[in-house]
Amino acid sequence: MPVAKPESCDSRVIAHIDMDCFYVQVEQRKQPQLRGLPTAVVQYNEWKGGALIAVSYEARKFGVKRSMRGEEAKEVCPQIHLVQVPVARGKADLNGYRNAGSEVMSILARRGRCERASIDEVYLDLTDAAETMLAEAPPQHLEAIDEEALKSHILGLNNEDGSDVKEIVRNWIHRCHADHRDKLLACGILIVAELRMQVLKETEFTCSAGIAHNKMLAKLASGMNKPAQQTVVPFSSVQGLLNSLPIRKMKQLGGKLGMSLQIDMGVNTVGDLLQFSEEKLQERYGLNTGTWLWNIARGINGEAVEGRLLPKSHGSGKTFPGPRALKTVSAVQHWLNQLCEELSERLCSDLEQNKRIAHTLTLHARAYKSSDSDSEKKFPSKSCPLRYGTAKIQEDAFNLFQAGLREYIGLYGVKSQGSHYSRWGITSLSVSASKIVPIPSGTCSIVKYFHWQSSSHFSSIQSAENLRMDATHLSPPGNESYSEVGLPEPKIHFPGEDSWIEDTTPGLGLQEQKINVWKDEDLSCSPSKKKVDGFTEDTSPLLLSGTQGCLEQNQNKQQREFSKDESRFKSEYREQKGTRLKNKGTSSILKFFKSCNPSGTSLSQEHDRTVQGTDAQLTNGAGFQSSCHNLAELNEVEVAKENGTSSHSYIRDQDEWRREAWSYNINEIDPSVIDELPMEIQDEIQAWLRPRKRPNNIV
DNA sequence: ACGGATGCGACG
DNA sequence: TCGTCGCAT
Ligand SMILES: Nc1ccn([C@H]2C[C@H](O)[C@@H](COP(=O)(O)OP(=O)(O)OP(=O)(O)O)O2)c(=O)n1
Ligand SMILES: [Mg+2]
Ligand SMILES: [Mg+2]
């Protein structure tokens, strides 16, 4: 499964940092009186006290475990404090934890490349920082070693046996005879200790860390001594560590693969893997996995730490177990609306804070079918272009659901829902947004070039044509092959339920309105917005809801400044196949931004991946106040213009879609702007220009 | 079918 | 690509 990479002598300094009982700490920061007490975070208190998803170390002493029920926990630890996960829109709301995780990450990213590995952990590549320290201020010459560093656990050292451990650690850090790799790890110890102290000081959270020469070992080490400790894996201790390590403890081997190794191959420890040749492992588990296993057995893991602080997707979902399964279309629609509302908020936050736009909306569902106790059938996932705006997301998600449902039902006969309404039940629903790319807004001159402009409030009602058109307006690298599931199709009739749905055939506008009305009636749980006019879908400004990292806020201010500019910039991009700019690769622009954006307070790393072939067509009303709202409208406006000026046919094949999405009209770019760009960018742009003067691909 | 809500990567 | 699956926190 995991991809393998080579590297004979890997001397990188990699750290893995994992927050201690993270959700608990987040709640304890909110309620400091809970600190030091046995505490757990539960979600959905109603049933058996809710399920535990995080447990404090005090509570763990009593045997309290994750996935216990609240009531169980009370049994083994009567004094335990159970804190509920916040609920919004009838579902768990994890945003507080996400934001807390972002706080931590912005600190941990200070000393080297940082990869968000989960909501509470990151990998760091500290190689450069360690090398620099070794050259400029080697630990050997330091008189005072930080106390936190002295508390490190160094695998393979004679510690844990009584004598003065800190002295031993101090000696290990200081010693001059160490080989280069150990010296680098010694630097890693100091850097990580410092980072962890900064995290504690600035967030009040403790964390634990592993420091090693690769991600696998660092991850392994971070979990060995918790909480609030750090563990180092010198090269010399690797084999000893792995030889006795149960195979399931290795990341990626905790499931079927690990079980297969154990049962089919008799591999109980990672060391047991050494007996098998790479070919043997490949033969059984495939080329990639085979090589990966062979390497893992030897402590080799060349996977790079990706520089990515932000998630690649956003999802919102809920399960409806057993008797609670959704059995009517309107119930599904209700919950889809909730999920989409949350998703839309988070997309809006992402846009504001990180200037990123998501391009694909996906709906996942699970269903059971009690027709002939043949339950457990796969409900197909469906995706479509993502249009911003809560109501649009809701509408599109609902259409995706209907498309999935038609398929799902069709698989065993469309007829059956006629007389006795469907026998299906939806046991889980989720919507997610993916293909998230930064809005290109590179150098200062480019930023100036993009005048964020105001847009008036248009109706959000869209024609079916536009619904297709705006799909690819702002597009991620190479996508745009979308099926028609996003198109409004005749609604399925479910007699006896959802009566109003049956007469929504004519237009989206009607349906939209009805949805809103329905929402208004039955959705009192949604606090912020009460005004629903048929058009403006979501008037609650997301800006107010965020407890967002202050880091990005600065950039928002910057954008607000630009947004005051009334003038308008517009360009269309046209690009030919083959000259498409890649996210990674040899783009000079990419290199340029990489070299000039080493530090920064924003979690957004847009500059590292600028020039996605998209263009900023964003406009913005009064400041940024309604930015999210306007974005959706803007898409439509631009599309409409596009239609008018270039007379596109909206019946095009996928290839045309692709070109469309990447295309722009170079003639509308002011040449003088190019002169302001750095030379290496100018070169590249000049290279684009010539081949670009070509006839259009459009009719 | 009460182990929920998310998120990532690889496969075909 | 999309959709499915595995694995993870
Ligand atoms: N099955 C899981 C595992 C984790 N989490 C959430 C709650 C945790 O607090 C957070 C981090 O997961 P960890 O595995 O890192 O566990 P903790 O941080 O809670 O404890 P530890 O100190 O062992 O890392 O993710 C979750 O919701 N569901
Ligand atoms: Mg943790
Ligand atoms: Mg974790």
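The sequence lines fix the lettering, A, B, ..., with proteins before strands; numbering per chain opens at 1.
- Taking every side-chain heavy atom of A:T319 into account, B:dA5 is the closest of B:dA5, B:dC8, B:dC2.
- For B:dA1, the OP1/OP2 oxygens have no side-chain nitrogen or oxygen of A:R366 closer than 4.0 Å.
- Residues A:E342 and A:K318 are not paired through a salt bridge, judged by the lack of any N-O separation under 4.0 Å between the basic side chain and the carboxylate.
- Here A:R69 lies in heavy-atom contact (under 4.0 Å) with sugar-phosphate atoms only.
- DNA chain B is contacted by both A:R98 and A:E115; A:R98 maps to the nucleotide lying nearer its 5′ end (nearest heavy atom per residue).
- Where A:W47 and A:S313 each meet DNA chain B at their nearest nucleotide, the meeting point lying more 5' is that of A:W47.
- Within the structure, every side-chain polar atom (N or O) of A:N288 is placed at least 4.0 Å from both OP1 and OP2 of B:dG9.
- When heavy atoms are screened at a 4.0 angstrom cut-off, A:R324 is found touching no nucleic acid atom at all.
- Contact check for A:N295 versus A:N301: no side-chain heavy atoms found under the 4.5 Å cut-off.
- The residue A:S316 sits close only to the backbone: its heavy atoms come under 4.0 Å of sugar-phosphate atoms, none of a base.
- Looking at the side chain of A:L257, the nearest of the listed nucleotides C:dC7, C:dG3, B:dT6 is C:dC7.
- Ranking B:dT6, B:dA1, B:dG9 by closeness to the A:K312 side chain, first place goes to B:dG9.
- When the C1' atom of B:dC2 is taken as reference, atom CZ of A:F320 falls 14 Å away, rounded to whole Å.
- Note on A:S430: every side-chain N or O is 4.0 Å or more away from OP1 and OP2 of B:dA5.
- One finds no side-chain N or O of A:T362 lying less than 4.0 angstrom from the OP1 or OP2 phosphate oxygen of C:dG3.
- Between A:R308 and B:dC8 there is a side-chain N or O to OP1 or OP2 distance below 4.0 Å.
- Here B:dA5 is the nucleotide among B:dC2, B:dA5, C:dT1 with the atom lying nearest to any side-chain atom of A:K318.
- From A:D350, atom CG reaches atom NZ of A:K355 across 11.0 Å, with rounding to the nearest 0.5 Å.
- For B:dC8, neither phosphate oxygen OP1 nor OP2 lies less than 4.0 angstrom from any side-chain nitrogen or oxygen of A:K251.
- Both tests do not hold together for A:K226 against A:Y57: distance to the six-membered ring centre under 6.0 Å, angle to the ring axis within 45°.
- Spacing between atom CG of A:L261 and atom C1' of C:dC7 amounts to 14 Å, rounded to whole angstrom units.
- The NZ atom of A:K48 sits 16 Å away from the C1' atom of B:dG4 (whole-angstrom rounding).
- Whole-Å rounding puts the A:M105 CE to B:dG7 P distance at 12 Å.
- A:I119 comes within 4.0 angstrom of no nucleic acid atom, judged by non-hydrogen atoms across all strands.
- Atoms CD (A:E407) and P (C:dC2) sit 15 Å apart, rounded to a whole Å.
- When the nucleotides B:dG7, B:dC2, C:dT4 are ranked by their closest atom to the side chain of A:P380, C:dT4 comes out on top.
- Ion pairing between A:E72 and A:K65 fails under the 4.0 Å rule for side-chain N and carboxylate O.
- Spacing of C1' atoms, B:dG3 relative to C:dG3, comes out at 25 Å, to the nearest Å.
- Closest to the A:E121 side chain, of the nucleotides C:dT9, B:dT6, B:dC8, is C:dT9.
- Of the candidates A:W424, A:Y368, A:F401, A:F379 forms a ring pair (Phe, Tyr, Trp, His ring centres under 6.0 Å) with just one, namely A:F401.
- Note on A:K219: only backbone sugar-phosphate atoms sit closer than 4.0 angstrom, heavy atoms only; bases stay farther off.
- For B:dC2 and C:dA8, the P atoms lie 22 Å apart once the distance is rounded to whole Å.
- Taking every side-chain heavy atom of A:S381 into account, C:dG3 is the closest of B:dG4, B:dC2, C:dG3.
- Regarding A:Y97, its OH atom lies at a distance of 14 Å from the P atom of B:dG7, rounded to whole Å.
- Residue A:K256 has its side chain nearest to C:dG6 when only C:dG6, C:dT9, B:dA5 are considered.
- Of the charged side-chain nitrogens involved, none lies within less than 4.0 Å of a carboxylate oxygen, so that A:E71 and A:K74 do not count as a salt-bridged pair.
- Counting heavy atoms from C-beta on, the side chains of A:L351 and A:I357 come closer than 4.5 Å.
- Distances from the side chain of A:Y44 to the nucleotides B:dG4, B:dC2, B:dC8 place B:dG4 closest.
- At the heavy-atom level, A:R248 lies nowhere under 4.0 Å from the strands shown.
- With both ends at atom P, the span from C:dT1 to B:dT6 equals 26 Å, rounded to whole Å.
- Between A:K435 and C:dC2 there is a side-chain N or O to OP1 or OP2 distance below 4.0 Å.
- Side-chain N/O atoms of A:R346 include one lying less than 4.0 angstrom from OP1 or OP2 on B:dG7.
- The listed nucleotides are C:dT4, C:dT9, B:dG4; the one nearest the side chain of A:I53 is B:dG4.
- Nucleotide C:dG3 holds its C1' atom 15 Å from the NZ atom of A:K377, rounded to whole Å.
- Between the CG atom of A:L429 and the P atom of B:dT6 there is a distance of 12 Å, given to the nearest Å.
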